[in-house]
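Computation of the quantities below employed the complete heavy-atom set of this structure, encompassing side-chain atoms and omitting hydrogens, waters and symmetry-equivalent molecules.
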Amino acid sequence: MGKMAAVMGSVASLVTEPGEDAFRKLFRFYRQSRPGTTDLGGVIDFSAAHAARGTGPFAHKIVRSQLSVSSVSEHDAHRAGLQPVSKWRAYGLEGYPGFIFISNPFLPGYQWHWVKQCLKLYSQKPNVCNLDKHMTKEETQDLWEQSKEFLRYKEVNKRRPQSLLEKLRWVTLGYHYNWDSKKYSADHYTPFPSDLAFLSEQVAAACGFQGFQAEAGILNYYRLDSTLGIHVDRSELDHSKPLLSFSFGQSAIFLLGGLKRDEAPTAMFMHSGDIMVMSGFSRLLNHAVPRVLPHPEGEGLPHCLETPLPGVLPRDSLVEPCSVEDWQVCASYLKTARVNMTVRQVLATDQDFPLEPVEEKKRDITIEGSCHLDDQNSQVKRARLHPNS
């Protein structure tokens, strides 16, 4: 008890005067945190036993979330690689209505499919990525093919230049988010992946959001020195629909704050397979990722990724087989990285984008901005993105 009190006291002491940016203070604290020390003692771990039992130092904050079990059939859940909804462990937090944390509901091995899709398929054209600003479409046509041999033999040749996949920071799907204007537009769209749309619709339905339509996705590719800056996702024209977040690979710390930055955020771990749903009041709260945590045993994979995808899949499964060679590439990448998929519904049913001046529409189509997913000292790194850098 004394040790936990000391931990909570040290974190609380970072929050000072009213009106001060308390979120920024905690963001810096966790960005510089040292795994294995009391620095992370104030971070909620939903996967720990105390979360399931309702005991432990955060029991007063953690509540069980009721899911709509009948809204998703076991068959449809299996098609997306998910356990039956009745087996999901879903939690909320006092003071954050509309926030749901689902602790890894994926069937054993089925995360492999989604990792492979993020690295091999979703990174391909016509989807848009951060490398487009620095390279031609021909150079970024197939990042997987250009990178797979580098990654398969990464441990043999650690002094090699980074592959293009390792330089990838973000990919946009469906309605492509414009980082400059912070808007979506009708004429900057490519078809949204059908498998990810189905997965998202099942998770949304289980959380009580029937009829959710996956229209835009932002995939963030984190290295161990990457952070996601403090922000609010308010660019979608309809905020009544939830924002879904899927995590794969190394664990990270997620900070969920308030409507203003002077409110201290709550810190929680995101592990591989975890899903977060932000809706209602929590939909427009400040949030950030200050830290991706290295594997405690050096370069390794989370235990849940060590189980292979079953060799025989249901005939109508949306999950596809993953070859040994493909997983070698994915595993090599994830030993020092994390991938996050966020999925949104941009428009309300029967809603259209507002008409905009021609000049503004022309500017929206270009890929000029830089993502708020940053490496430390990344302003220099982004300017130098090149296959041979």
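- Residues passing the side chain to side chain donor-acceptor pair (under 3.5 Å) test with R291: none are found, sequence neighbours excluded.
- Here the shortest heavy-atom pairing between L40 and P35 reads CD1-CA, 3.9 Å.
- Interatomic distance, CD of E299 versus OG1 of T336, reported as 5.5 Å (0.5 Å rounding).
- T37 places a side-chain N or O within donor-acceptor distance of the main-chain N or O of D39, the cut-off being under 3.5 Å.
- For the salt bridge (Lys or Arg N to Asp or Glu O under 4.0 Å) condition, the pairs that include at least one residue of residues 240-254, sequence neighbours left out, are D238-K241.
- When the shell of 6.0 Å around NZ of K260 is examined, it contains 12 or fewer heavy atoms from other residues, nucleotides or ligands.
- Of the possible polar contacts, none joining the Q213 side chain to the E215 backbone as a donor-acceptor pair under 3.5 Å is found.
- Using modelled atom types, no side-chain atom of T307 and backbone atom of C304 make a donor-acceptor pair closer than 3.5 Å.
- Separating the CG atom in L224 from the NZ atom in K335 is a distance of 13.0 Å, to the nearest 0.5 Å.
- To the nearest 0.5 angstrom, T342 atom OG1 is 9.0 Å from L244 atom CG.
- Side-chain contacts under 4.5 Å among hydrophobic residues (ILVMFWY), followed directly or transitively, place L318 together with F198.
- Y91 has its ring centre no less than 6.0 Å from the ring centre of F101.
- Side-chain atoms of N127 and H176 include no donor-acceptor pair closer than 3.5 Å.
- Formation of a donor-acceptor pair under 3.5 Å by the H113 side chain with backbone atoms of E320 is found in this model.
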Q | Derivation of the side-chain contact (heavy atoms from CB on, under 4.5 Å) call for K61 and T266 | A | CA-CA 10 Å; K61 273 197 165 187; T266 297; 2.9 Å; yes

Q: Check the pair K183, S235 against side-chain contact (heavy atoms from CB on, under 4.5 Å), reporting the backbone distance first and the verdict last.
A: CA-CA 6 Å; K183 293 181 179 179; S235 299; 6.0 Å; no

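- More than 12 heavy atoms of other residues, nucleotides or ligands sit less than 6.0 Å from atom CD of Q328.
- One N or O on the side chain of E166 and one on the backbone of S163 form a donor-acceptor pair closer than 3.5 Å.
- A salt bridge links K120 to D326: one of the charged nitrogens lies within less than 4.0 Å of a carboxylate oxygen.
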Q. Yes or no on side-chain contact (heavy atoms from CB on, under 4.5 Å) for L219 and L173, after CA distance, side-chain angles and deciding distance?
A. CA-CA 8 Å; L219 313 184; L173 312 171; 4.2 Å; yes

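- The number of heavy atoms from other shown groups lying within 6.0 Å of CD (E306) is above 12.
- Among residue pairs with one or both ends in residues 275-284, those qualifying as side chain to side chain donor-acceptor pair (under 3.5 Å) are E236-R283; sequence neighbours excluded.
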Q: Let me see the working for Q111 and S272 under side chain to side chain donor-acceptor pair (under 3.5 Å), right down to the final yes or no.
A: CA-CA 8 Å; Q111 289 186 55; S272 192; 2.7 Å; yes

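- Side-chain atoms of Q66 do not come within 3.5 Å of backbone N or O of A90 as any donor-acceptor pair.
- In this structure, CG in N104 is found 8.0 Å from CZ in R89, a value given to the nearest 0.5 Å.
- Of the possible donor and acceptor atoms, none in the side chain of W144 sits under 3.5 Å from a partner among the backbone N and O of S123.
- Distance check: L199 CG to L82 CG gives 5.5 Å after rounding to the nearest 0.5 Å.
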Q) side-chain contact (heavy atoms from CB on, under 4.5 Å) between F27 and L228: does it pass, once the steps are laid out? A) CA-CA 10 Å; F27 182 94; L228 181 67; over 6 Å; no

Q: Would you please test D195 and Y122 for side chain to side chain donor-acceptor pair (under 3.5 Å) and show each step?
A: CA-CA 11 Å; D195 59 346; Y122 301 157; 2.8 Å; yes

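- With hydrogens and angles ignored, the 3.5 Å screen pairs a side-chain donor or acceptor of H239 with a backbone N or O of R234.
- There is no side-chain donor-acceptor pair under 3.5 Å between R152 and S332.
- Defined by atom type and a distance below 3.5 Å, a donor-acceptor pair is missing between the side-chain atoms of S317 and R79.
- Applying the ring pair (Phe, Tyr, Trp, His ring centres under 6.0 Å) test to pairs two or more places apart or on separate chains, those with a residue in residues 311-354 are W112-W327, Y175-F353.
- For the residue pair S245/N340, the side-chain donor-acceptor check at 3.5 Å is satisfied.
- A donor-acceptor contact shorter than 3.5 Å links the side chain of N130 to the backbone of R169.
- Between Y184 and Y177, the ring centre distance stays below 6.0 Å.
- Put simply, the side chain of Q345 never gets that close to the backbone of S240: no donor and acceptor are under 3.5 Å apart.
- Here R315 pairs with nothing under the side chain to side chain donor-acceptor pair (under 3.5 Å) rule; sequence neighbours left out.
- How far CH2 of W179 is from CD1 of I218: 4.0 Å, rounded to the nearest 0.5 Å.
- Between F248 and Y222, the gap from one ring centroid to the other reaches at least 6.0 Å.
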